[in-house]
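Following: one structure in structure tokens, then a few remarks.
To find a chain, count down the sequence lines: A is the first, B the second, and so on, and within it residues start at 1. The structure displayed is predicted, hence computed values, not measured ones.
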There are 2 protein chains.
Amino acid sequence: MLKNMNFIEKLRETGLRPTKQRVKICEILFNREKTFHFTINDLAKKIFEELNEKISLATVYNTVHALQKKGYLKEISINSNKSYFDTNTSVHHHFYDEDTHQLIDCDENEIETVNIKKNITGKKINSVEVLVRVASDNQNQN
Amino acid sequence: MLKNMNFIEKLRETGLRPTKQRVKICEILFNREKTFHFTINDLAKKIFEELNEKISLATVYNTVHALQKKGYLKEISINSNKSYFDTNTSVHHHFYDEDTHQLIDCDENEIETVNIKKNITGKKINSVEVLVRVASDNQNQN
DNA sequence: TCAACAGTTTAGAATAATTATAATATATAA
DNA sequence: TTATATATTATAATTATTCTAAACTGTTGA
Ligand SMILES: [Mn+2]
Ligand SMILES: [Mn+2]
Ligand SMILES: [Zn+2]
Ligand SMILES: [Zn+2]
């Protein structure tokens, strides 16, 4: 689902009825330059800021899960108390800023391809993803 | 906290009172050959199997968090609905079996050192960890 | 055009993991 | 042994998420 699209068409193509709520959520999620990493709460807050009316939390959950199922969103595991979602659905790596709790995507060229030497018989590799945890460097005030 | 230790001594050394419950939990967690990856529920179940009396869930949480704070346990993020803990507290990589929901540690030599080319000014890297998701290979029945 | 129907939204209830509370019990220092 | 700080426990509270069931809306085809 790319930038500045007709989301009504797009939703219909993927078998999702283009309701007012879904179109608005798609605009918020996908009409942007960069990858968006968010929690359900981030999204609900942004919806309320951009619209003046609010969309039910249940609908936000429903829509995010529907978009995820259709492959337009990906869930990311950073910590275990809430779900993060990502508009970049490719297999890719992240920096996680432990101070600001922000996720940053890594481009292909920023992390060398990870070489896996282990093989588990009967199992295939679905994804290989790196998480780089960073925090402010208060040590070297030199 | 190594295998077959006097956990009463060990706990006292780290400033934790060696209560009956803590000693028993340490025995279950650390008296084993291999790394133990577990959820609070896994641990609570195992406690009830090995002891005949049960330890309050609140105490299980308290003890796991106390051990984590002292550096004897590490929290792992696999999915966002429950916490996984790891008796291997070093920075290391994992295979996650999406069929069985089991975590497997990677040895140093099983994944080549990940080369990070990106630098974020003012931030230092705390850890670089790889998660390899695997699942049963039903494709090649050839 | 518009009724019919399936799919969607919604508020609120239910669930599940985790954390907080506060009374009771225990470990340890004096 | 006794006093004090800490820990355990049952239970309540909290938080994220999912479920429910009634009201609503998008779409289809007469
Ligand atoms: Mn947690
Ligand atoms: Mn989830
Ligand atoms: Zn991303
Ligand atoms: Zn591990």
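- Using a cutoff of 4.0 Å between basic side-chain nitrogens and carboxylate oxygens, B:R133 and B:E98 are scored as salt-bridged.
- A straight line from CD of A:E75 to C1' of D:dA16 spans 12 Å, rounded to a whole angstrom.
- One can place CZ of A:F38 at 16 Å from P of D:dA16, the figure rounded to the nearest angstrom.
- Look at A:R12 and you'll find a side-chain N or O under 4.0 angstrom from OP1 or OP2 of D:dT27.
- Counting only heavy atoms from C-beta on, B:T63 has its side chain closest to D:dT8 among D:dT8, C:dT9, C:dA27.
- Rounded to an integer number of Å, the gap from A:E53 CD to D:dC24 P is 16 Å.
- Using a 4.0 Å heavy-atom cutoff across all strands shown, A:N41 reaches no nucleic acid atom at all.
- Neither side chain, B:N41 nor B:T39, offers a donor N or O lying under 3.5 Å from an acceptor on the other.
- Here the shortest heavy-atom pairing between B:E110 and B:D105 reads OE1-O, 4.0 Å.
- Regarding contacts with the backbone of D:dA16, every side-chain N or O of A:T39 stays at 4.0 angstrom or more from both OP1 and OP2.
- Residue A:H65 places no side-chain N or O under 4.0 Å from the OP1 or OP2 atom of D:dT17.
- To the nearest angstrom, P of D:dT27 lies 13 Å from CD of A:E13.
- Where B:L57 and B:P18 meet DNA chain C, the nucleotide closest to each residue was compared, and B:L57 sits on the side nearer the 5' end.
- The side chain of B:R22 contributes an N or O atom lying less than 4.0 Å from OP1 or OP2 of D:dT8.
- One can place CD1 of B:I8 at 15 Å from P of D:dA7, the figure rounded to the nearest angstrom.
- Rounded to whole Å, the distance from NZ on A:K20 to C1' on D:dA23 is 14 Å.
- At the phosphate of D:dT25, neither OP1 nor OP2 sits under 4.0 Å from any side-chain N or O atom of A:Q21.
- Listed nucleotides: C:dT18, D:dT17, C:dT9. Nearest to the side chain of B:Y61: C:dT18.
- At least one test fails for A:K46 against the ring of A:F38: distance under 6.0 Å to the centre or angle within 45° of the axis.
- Going from atom CG of B:N62 over to atom C1' of D:dT11 covers 14 Å, rounded to whole Å.
- Within the nucleic acid shown, A:T19 comes within 4.0 Å of sugar-phosphate atoms alone, with no base atom in reach, counting heavy atoms only.
- For B:R17 and B:I55, each mapped to the nucleotide of DNA chain D holding its nearest heavy atom, the one lying further toward the 5' end belongs to B:R17.
- Distance, B:N79 CG to C:dT18 P: 10 Å, rounded to whole Å.
- A salt bridge links A:K10 with A:E13: the distance from a Lys NZ or Arg NE/NH1/NH2 to an Asp or Glu carboxylate oxygen falls below 4.0 Å.
- With respect to A:K123 and B:D99, a salt bridge is recorded, a charged nitrogen being found less than 4.0 Å from a carboxylate O.
- The listed nucleotides are C:dA17, C:dT10, D:dT17; the one nearest the side chain of B:K82 is C:dA17.
- Set against D:dA7, C:dT18, D:dC19, the side chain of A:A58 has D:dC19 as its closest nucleotide.
- The side chain of A:S56 places no N or O atom within less than 4.0 Å of a non-bridging phosphate oxygen (OP1 or OP2) of C:dT9.
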